[in-house]
Amino acid sequence: MPQIKLMLALTRKKGESIVIGDDIEIVVLGISGEQTRLGILAPKSVTVHRKEIFDQIRNENTEATMNVKEKLQKLGGSF
């Protein structure tokens, strides 16, 4: 069953922030034209990526997994 996601839309001004969970804070650092600079305060154990980089990493991992499965099948393993 697919996970249902909801979007919370907020309006923030420079210097204001939002908090996610107990230990992630996103701060509006500045606004210039159509660009907004955000600062993210999170524990080192939390990875933070721009969406396009996250998608690229996920796609590369999926491709690598497929390649491993194909190689195992060629070697006679069942996967």
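All values derive from a computational prediction rather than experimental measurement.
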Side chains of Arg12 and Ile18 in contact at under 4.5 Å (non-hydrogen atoms): yes
For the residue pair Lys44 and Val46, establish whether any side-chain heavy-atom pair is separated by less than 4.5 Å. no
For Lys51, the side chain to side chain donor-acceptor pair (under 3.5 Å) test, sequence neighbours excluded, returns Asp55
Could you give me the CA-CA distance, side-chain angles and deciding distance for Ile40 and Glu25, then say whether side chain to side chain contact (heavy atoms under 4.5 Å, CB included) is met? CA-CA 6 Å; Ile40 301 168; Glu25 183 176 1; over 6 Å; no
Return the minimal non-hydrogen interatomic distance between Lys14 and Ile31, and the atom names on each side. N-CD1, 4.5 Å
Is there a side chain to side chain contact (heavy atoms under 4.5 Å, CB included) between Phe54 and Arg50 once you walk through the steps? CA-CA 6 Å; Phe54 175 81; Arg50 295 187 327 248; over 6 Å; no
Is the CD atom of Gln35 crowded by more than 12 outside heavy atoms at less than 6.0 Å? no
Under the rule for side chain to side chain donor-acceptor pair (under 3.5 Å), what residues qualify as partners of Glu60, not counting sequence neighbours? Gln56
Would you say Ile20 and Ile26 make side-chain contact, with heavy atoms under 4.5 Å? yes
For atom CZ of Arg37, is the number of surrounding heavy atoms from other residues, nucleotides or ligands below 6.0 Å larger than 12? no
When rounded to the nearest 0.5 angstrom, what is the spacing between CG in Leu38 and CG in Leu29? 7.0 Å
Are Lys13 and Val28 packed together at the side-chain level, in the sense that at least one heavy-atom pair is separated by less than 4.5 angstrom? no
Mind checking whether Pro43 and Asp23 have side chains closer than 4.5 Å, heavy atoms only? yes
